[in-house]
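Computed from heavy atoms alone, side chains included, the values below leave out hydrogens, waters and symmetry copies. Numbers restart at 1 for each chain; the letters A, B, ... are given by sequence-line order, proteins then strands.
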Amino acid sequence: MMMTEEMHPAIEQVLVNIEKVMIGKRQVAELSIVALLADGHVLLEDVPGVGKTMMVRALAKSIGANFRRIQFTPDLLPSDVTGVSIYNPKEMEFQFRPGPIMGNIILADEINRTSPKTQSALLEGMEESSVTIDGVTHMLGKPFFVMATQNPIEYEGTYPLPEAQLDRFLLKMKMGYPSAKDEIEVLNRVQKQAPIETIDSVIDLEELRKLQEEIKEVYVDDSIKRYIVDLADSTRTHGSVYLGVSPRGSIALMKAAQAYAFIYNRDYVLPDDVQHLASAVFVHRIILKSEAKFEGITAENVVERILARTPVPVQKAVK
Amino acid sequence: MTNPNGYNRLSTLVLYVFGFFLLWEWIRPVEQLTDTSNAWVFILFLVMALMLDFFSIHWIVRFVLNSGFILLTLYFLYYSETYGPFQSFSIMIEEFFYNFSVMIQRVWPELTDMFRSFLFFILLWLMTYLIQYWLINRRQIFLFFLMTLIYITVLDTYTPYAADGAIVRTVISGFAVMGMLAFYRQLEKEGIKKGKSFTRKWMLPLTAFIIASAGIGFVAPKADPLWPDPVPYFTSFNERSGVNDKSGIRKIGYGEDDSSLGGPFLPDNQVVMQAEMEHRHYWKVETKDIYTGKGWISTPDDEESIPFGVGDSVPIESFVDNENIETTEHMSTVRVFMDYPHIVYPLGVNRVEGDSQFSFELNPVLERIQKFQGGNKVFLPEYEVYYDRPRYSVTALSAANNEEHGLDKEFYDRYTQLPDDLPQRVRDLAAEIVEGSDSWFDQIREIERYFSNQGYIYDQVNVAIPAEDDDYVDQFLFETQRGYCDNFSTSMIVLARSAGIPTRWVKGYTEGERIEGNSTYEVTNNNAHSWVEAYFPEVGWVSFEPTRGFTNSVQYNFDLASDDDNQTQEQTPTEPKKPELEDPSNTSAKGNEFTLEKVWNQAKEIASKYWKVSLGVLLIIIVLIALLYYKRGKWLPYVYVVWYKRSNDDKQFVKAYLTLLEELDRYGLPRGEGQTLREYAKVIDHTFSTRDMSRLTAKYEQYLYRGSLEKGTWSDMRKLWENLIKSTIA
């Protein structure tokens, strides 16, 4: 629906790059960029093999960022994520060996398979953009973007992320299988050479940081803020919801909407932006009542209904 | 500023205020209809209790404040004049204990006034909790509202309370509260988050409705009542008043047959008459002279009735005309509510003024005056009685005693008659009472005081009927020692006659309850009474009041009396403190109503003159308006086009866009609440196969969500807008 609008040229380039690798997943790519620009993190929930890693790698390569991947296993230790100090007998002192978290773009694969201790090492880094090891604080890279994946199928031996931790992800999305046509195209492309090797970076990290700063200047009218708050508040009073969206959720929705408006080359936020992102921002922050779950209601349904019911501001609020 | 119940403070306050008004309507009549005075303290208490509720003060603080208020009020109302605060406290505690024991014994009439007030406070306190519960928790007040209406209408129908204003006030408060509560119930039910404008949308029409309905109800001419006044019906149903049927319980009231006294009485509030009096006095109807041992009869009627006319002097000799009595003439006006063949008059009556078509007849034995018109006993609604108000010289009264009274033997025997089988102990008692007093006056005063000195009890219910071989007086004096006026008066006469003092039994009414200012009294059947008149030679008849709790105003002149008589002070009874009652018909409101009614009448006059023409015109106008409204899609867009053409101001764009939205909605393309303008614009463009709406919307979005409008937007966009709004004419 937004196709009629022109995109920000640099972002358009990044998207084209990703699309070379990921066929028919523009929506997901767009949301990932929104999270990256809004300085947030993404939780991907999907089965293996749909191209999660590929997409993150393409994104990292397009912005010339340092890509790291952590495969979470039950025996992974916090120091395996953050890094460790090792005694160097030659120089007679401890030397810090940075862990995989010291990159710019991190793929935290199957985050729910590791122990809560290790999970929280990562999540703490996400929150504070720094880690402290042996009393020394190490700043993380900037931009710092974590894309965590969760496998929804396996439940044996997993540690589901608690609600408080889920709140730290700006967006949660699903990849989904490609359509038949797209999948044939995928097969065609990988026949000769992995397409990931063919793409080049289109912007560098410095430019990206500048874009991140610009996004903060995107204008959000009071009526839009009110709309966001109304939406969040509606989740709190909704009959099927046990725990609604926190103010952190409202902040997340506003920031994401700013980023989304920005990639469509607008310096102000529309209710359309808010509506487009509401589901991705809100769904993982809502806890349903168990009776609602029995009735087959999902958090997506709830957000949909709230969006349909909450009046969109079409006039200036009388102050 | 919303409390957990979802009200904001202001609306809660408004609810409390109206709740208070409803409660107030319950207290208003109390002051007028019962002998409650100082009703304002109860109202003050209500205000305080509701305010404490409103501010959700901690319950302990509330409890302390409320009970403190109650105790202080009770102290100031009942004790502060007599006792100091600390003494009062212990007396109050004692009184509480006494009342609790009375309550346990269920002797309700014995409760003291202080305790009644206390109970009333507690009741009001409970009511404030109920009000709070109904308003805030249940959000339903209809039942209470209905009860209030019933209460007021019943009072209006059956009591003197005029509820004209009360009905208006109650309806307004009740509608307001119910309307507001309905609003909050809806909000709660639908889970709607309310905004200020939403509240306004509800409250303004609500206010308008209330004002309109109350205003129309107030101004509109009132139809006559559909049903006849039910009160006379019930009255006729209860005609047994005062009639002594043998079934036992009687209703209090005036009856003629007194030959067997005794037995309980039911109170009866039927109004007999109203009287305007310059001085308080009892009303006589008749006197009886023969005591039978069971009751009173009169000497066989062998004398002719004496006729006299309106304005003629009444042939009753009450006083001896000499310097022993100073008399001043006064006048009382009687308005009759309940028709009896006789008229009432005070002691010392001179003449009766009224409709000159009437004539009267005096039964000289009973001293009963009957009224006639052309030979028939008829209703005389109002008459004035002129009478001499006596002031007795105590010296003259004290002159008479058993040895020297100089009375005619026949006269003396007639008024000292006693039945032969009167028990000896009655005579002995009389001798015992008067022992030590020489003159009749001192003796009869001793007898009069005897009943209260000995603690005889006034009671209307637990009163015995003498058995076949019992004497009525003997039974009262020595066995039951409780009874009503008949017991006291008859016993006093029997005692006085035993002591040799000529006395007679007088029946009639007390002066009644004071209403409407200072000089008007209302006499009900409850005020039917009997008392004693004693004859003193060279003086005349003097009233005495033996019944406990009653006072008759008799004036004595002490100028010649010796010092030891100073106990017989002038008996001006202490007036019971009665609250000044407000005139129930508010005069200013009346004047207001009058002018409104005049306007209404004028309008009616004009309407009735030209009603055919005006009705036709009105109909045509209504049809035209309806047609125009129904077909507005055909012409309204042109109006808008012209309207918005008048200026190039970009602000017009905003208004024009919103008008366009409304017109599209009317056209049948409503925008869903959650639909953004952009999506909506696509739908519109799809319908009309244009791109105009999206272009307009993009501009409007910039204005609305970016807060800026490019200069000249309106002149650029007007063409698109006109195209769109004209497309709605299809």
Side-chain angles (χ1 to χ4, degrees), chain A residues 1-6 217-241 244 254 257-258 260-261 264-279 303-319, chain B residues 2 4 6 187-201 650-651 653-665 669-686 691 693-710:
Chain A
M1 61 180 180
M2 294 288 166
M3 298 306 168
T4 51
E5 270 188 301
E6 288 202 0
E217 300 305 316
V218 171
Y219 177 74
V220 188
D221 192 74
D222 281 353
S223 61
I224 299 284
K225 286 176 186 160
R226 180 72 208 234
Y227 182 52
I228 291 171
V229 171
D230 281 348
L231 288 174
D233 194 49
S234 299
T235 66
R236 293 166 203 161
T237 53
H238 193 279
S240 314
V241 175
M254 185 180 80
Q258 281 177 304
Y260 191 74
Y264 279 99
N265 235 351
R266 245 185 297 109
D267 59 354
Y268 57 97
V269 174
L270 287 181
D272 303 76
D273 305 330
V274 176
Q275 287 196 352
H276 184 73
L277 295 163
S279 190
V303 175
E304 252 168 54
R305 272 177 222 175
I306 287 171
L307 282 178
R309 216 180 55 191
T310 310
V312 174
V314 294
Q315 285 184 51
K316 275 262 185 261
V318 185
K319 283 171 196 168
Chain B
T2 39
L187 285 188
E188 192 178 26
K189 203 167 124 199
E190 303 290 331
I192 300 169
K193 286 192 356 74
K194 68 192 166 93
K196 268 226 170 71
S197 66
F198 202 54
T199 315
R200 214 179 305 130
K201 270 182 206 154
D650 284 332
K651 277 181 189 157
F653 169 70
V654 176
K655 288 180 190 163
Y657 186 84
L658 290 172
T659 310
L660 179 61
L661 286 184
E662 275 170 30
E663 281 300 295
L664 287 168
D665 183 76
L669 292 168
R671 190 181 63 85
E673 272 209 297
Q675 199 172 19
T676 62
L677 292 173
R678 197 169 272 228
E679 288 164 29
Y680 182 59
K682 276 185 193 148
V683 175
I684 301 295
D685 283 344
H686 183 75
R691 289 179 53 79
M693 189 65 187
S694 292
R695 289 171 64 191
L696 268 183
T697 304
K699 291 288 177 193
Y700 186 71
E701 276 177 344
Q702 278 195 15
Y703 155 74
L704 184 59
Y705 303 126
R706 191 169 186 255
S708 67
L709 199 55
E710 286 168 44

Check whether any side-chain N or O of A:Tyr268 sits under 3.5 Å from a backbone N or O of B:Glu701 as a donor-acceptor pair, and report yes or no.
no
Checking side chain to side chain contact (heavy atoms under 4.5 Å, CB included) against B:Leu677, which of A:Val312, A:Asp272, A:Val314 comes through?
A:Val314
All heavy atoms of A:Arg309 vs all of B:Glu673, minimum pair found to be O-OE1, 3.2 Å
With a 4.5 angstrom heavy-atom cut-off, is it the side chain or the backbone of B:Gln702 that approaches chain A, or both, or neither?
both
With sequence neighbours excluded, residues passing side-chain contact (heavy atoms from CB on, under 4.5 Å) with A:Val218:
A:Gln258, A:Ala261, A:Phe262, A:Val269
State the CD-OH distance between A:Gln315 and B:Tyr703, to the nearest 0.5 angstrom.
8.5 Å
Which heavy-atom pair separates A:Pro313 from B:Tyr705 by the least distance, and what is that distance?
O-OH, 2.5 Å
Return the CD to OG1 distance between A:Gln275 and B:Thr676, rounded to the nearest 0.5 Å.
5.0 Å
Is A:Leu307 in contact with chain B via its backbone, its side chain, both, or neither, using a 4.5 Å heavy-atom distance?
backbone
Under 4.5 Å between any side-chain heavy atoms of B:Arg706 and A:Asp267, yes or no?
yes
